[in-house]
There are 2 protein chains.
Amino acid sequence: MTRPRRRADAERSIARIVAAAREALSADPDATVDDIAKAAGVGRMTLYGHFRTRPELVEAAIADALRSGEETLGGLDLSGDAHDALTRLLESSWSLVSESAALLVAAQKVLPEGRVRELHAGAADRMEELIRRGQRQGVFRTDLPTAWLVNAVQYLLHGAAEEIRAGRLKTAEAAGVVTATISSMLEA
Amino acid sequence: MTRPRRRADAERSIARIVAAAREALSADPDATVDDIAKAAGVGRMTLYGHFRTRPELVEAAIADALRSGEETLGGLDLSGDAHDALTRLLESSWSLVSESAALLVAAQKVLPEGRVRELHAGAADRMEELIRRGQRQGVFRTDLPTAWLVNAVQYLLHGAAEEIRAGRLKTAEAAGVVTATISSMLEA
DNA sequence: CTGAACTCGTACATGAGAGTACGAATTAAG
DNA sequence: CTTAATTCGTACTCTCATGTACGAGTTCAG
């Protein structure tokens, strides 16, 4: 971790590249290295100077998206009634998932099996903890593996994002629909 | 539709190719035309004699899978209590989805937007009809768009298939878990 | 049996995207 | 100011899968 200190312009380039990668890959998970460099307003060679391979770049992009998501979700107050806490958590998670759905697809494609899950562990843990608390409170069901419930929530969130993308669900409705669906799936 | 009659050996080749395509693409959605030809025990050129492009081949494969799925599901008795009918339908749908999940991914990748959905219409209609009946019976919820419920069921089925593939859910448990999850999502 | 349909190997053309090589022009840092 | 880091264009190599072209054998149909 003690690398030769980077110059300010390099930092700036890297930041622009990562931001551009997030945007470009969120619009099209197959976006080319060249596409991303163009979007960042930077030469392709400059990009390769900072990220040796496309997968490395994709990982940086999704890591950044998750990190900024953590900031949002980390600030939430999830105490009190589990049902209400779930609503709050879903409300915030929803927009994050929706924005970065395609980026996630890109990552799944090029990162080694399981890597995405590792990076995503923080978010999953938060949801799992909430579900366990709800179970202790007798609000959530206990007849199914908790890990499955956590993942089922993910699948429904991503499904809803896909429905919106395909124009079969209105953005305005989405949050309510998602919350209602997931609540009744989890509650005892 | 009045094409010059095909010879028996051609029919046989086509059947083997489609079967091989279903298998190969179900194992790996990125299977090459060459992979499939090899799996079919047929020269790549023979394959191209029957399917001009890879997408055409993929479409034939998924169409065949759906057709054979239709046969299974079409024979089900879905009358009577909607809850029980749902259980029966899921029980049968489950294995079909699980087997062909990767094939579906392959189709999504190369067929034009919406094409997969068209081909899949039969299965979706069956589920939708059942849900509507359950709603009339007062067994299923009516507070969310029916189309969304139908799709949510799909997402959970595919999610469960993915969990199995990743080794996070045991095959033996799957059917029960899926049924319990979906039931509580749909019921009033 | 005979012609048309079919099989299938080899070879080639195409296209796209990843990553490398080289070197000149800039620009930040101390 | 001076040096090392950084930018960035051009041009190239590599790899890989798709699809085409040609042609010689093989097999079915009537």
Side-chain angles (χ1 to χ4, degrees), chain A residues 1-21 24-25 27-62 102-103 105-112 115, chain B residues 1-21 23-25 27-62 102-103 105-112:
Chain A
M1 283 290 166
T2 27
R3 49 183 63 170
R5 193 152 84 269
R6 259 190 308 240
R7 252 169 49 178
D9 52 352
E11 299 275 13
R12 228 178 304 137
S13 290
I14 291 176
R16 298 180 64 184
I17 291 170
V18 171
L25 292 170
D28 171 15
D30 293 318
T32 294
V33 172
D34 193 52
D35 293 338
I36 296 171
K38 278 195 177 66
V42 121
R44 196 164 67 98
M45 304 327 299
T46 301
L47 192 158
Y48 272 111
H50 297 295
F51 302 93
R52 288 206 197 130
T53 67
R54 186 172 182 281
E56 203 171 300
L57 173 58
V58 172
E59 172 152 346
I62 194 163
L103 172 55
V105 170
Q108 296 280 14
K109 276 193 192 181
V110 299
L111 299 187
R115 183 74 184 116
Chain B
M1 284 293 165
T2 26
R3 49 183 63 173
R5 196 154 82 269
R6 256 191 311 242
R7 250 170 49 179
D9 52 351
E11 298 275 16
R12 226 178 305 137
S13 290
I14 292 177
R16 297 179 64 183
I17 291 170
V18 171
E23 265 192 72
L25 293 170
D28 171 15
D30 294 318
T32 294
V33 171
D34 193 50
D35 294 338
I36 295 172
K38 278 194 176 67
V42 121
R44 196 164 67 99
M45 304 330 297
T46 301
L47 192 157
Y48 272 111
H50 298 295
F51 303 92
R52 288 207 195 128
T53 68
R54 185 173 181 282
E56 202 170 301
L57 173 58
V58 172
E59 172 153 346
I62 194 163
L103 172 55
V105 170
Q108 298 278 17
K109 277 193 192 180
V110 298
L111 300 188

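FYI, side chains are in, hydrogens and waters are out, and symmetry mates aren't considered; it's all heavy atoms of this structure. In what follows, chains are A, B, ... by sequence order, proteins preceding strands, each numbered from 1.
Each salt bridge (Lys or Arg N to Asp or Glu O under 4.0 Å) pair with one or both residues in residues 8-18 of chain B, not counting sequence neighbours, appears once here: B:Arg6-B:Glu11, B:Arg7-B:Asp9.
Comparing the end axes of the helix from C:dC1-D:dG30 to C:dG30-D:dC1, each fitted to five base pairs by superposing C1' atoms of four pairs onto the next four, gives an inter-axis angle of 30° (nearest 10 degrees).
Taking the side chain to side chain contact (heavy atoms under 4.5 Å, CB included) definition, one finds that B:Glu23 meets it with nothing, sequence neighbours left out. Residues passing the side chain to side chain donor-acceptor pair (under 3.5 Å) test with A:Asp28: none are found, sequence neighbours excluded.
Map B:Ala31 and B:Ala8 each onto its nearest nucleotide of DNA chain D; the residue landing nearer the 5' end is B:Ala31. Projected onto DNA chain D by closest heavy-atom contact, B:Asp30 and B:Arg12 fall at different nucleotides, the more 5' of which corresponds to B:Asp30.
Atoms CZ (A:Arg6) and C1' (D:dA4) sit 16 Å apart, rounded to a whole Å. The distance between atom CD1 of A:Ile14 and atom P of D:dA5, rounded to the nearest whole Å, is 15 Å. Rounded to whole Å, atom P of D:dT27 lies 19 Å from atom CD of B:Glu11. Rounded to whole Å, atom P of C:dA29 lies 7 Å from atom CG of A:Asp9. Computed from coordinates, the A:Arg7 CZ to D:dT3 P distance equals 15 Å when rounded to whole Å.
B:Val110 and B:Arg54 get closest at one heavy-atom pair: CG1-NH1, 3.5 Å. The two atoms that bring B:Val18 and B:Phe51 nearest to each other are CG2-CZ, 3.9 Å, heavy atoms only. B:Arg52 approaches B:Glu56 most closely through the heavy-atom pair N-OE2, 3.5 Å. Between B:Pro29 and B:Ala102, the shortest heavy-atom distance links the atoms CB-O, 3.4 Å.
Residues from residues 53-62 of chain B that place a heavy atom under 4.0 Å from any atom of DNA chain D, listed by number: B:Thr53, B:Arg54. Annotation: proximity of residues 35-52 of chain B to DNA chain D (heavy atom, distance under 4.0 Å) is found for B:Arg44, B:Met45, B:Tyr48, numbered in ascending order.
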- [ ] Go through the steps to decide whether A:Val58 and A:Lys109 satisfy the test side-chain contact (heavy atoms from CB on, under 4.5 Å), and finish with yes or no.
- [x] CA-CA 10 Å; A:Val58 172; A:Lys109 276 193 192 181; over 6 Å; no
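If you take CD1 on B:Ile62 and CG on B:Leu25, they are separated by 9.5 Å, rounding to the nearest 0.5 Å.
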Can you give the donor-acceptor pairs under 3.5 Å from side chains of residues 32-50 of chain A to other protein atoms, not counting sequence neighbours?
| residue | atom | partner | partner atom | Å |
| --- | --- | --- | --- | --- |
| A:Asp34 | OD2 | A:Lys38 | NZ | 2.7 |
| A:Asp35 | OD2 | A:Thr32 | N | 2.9 |

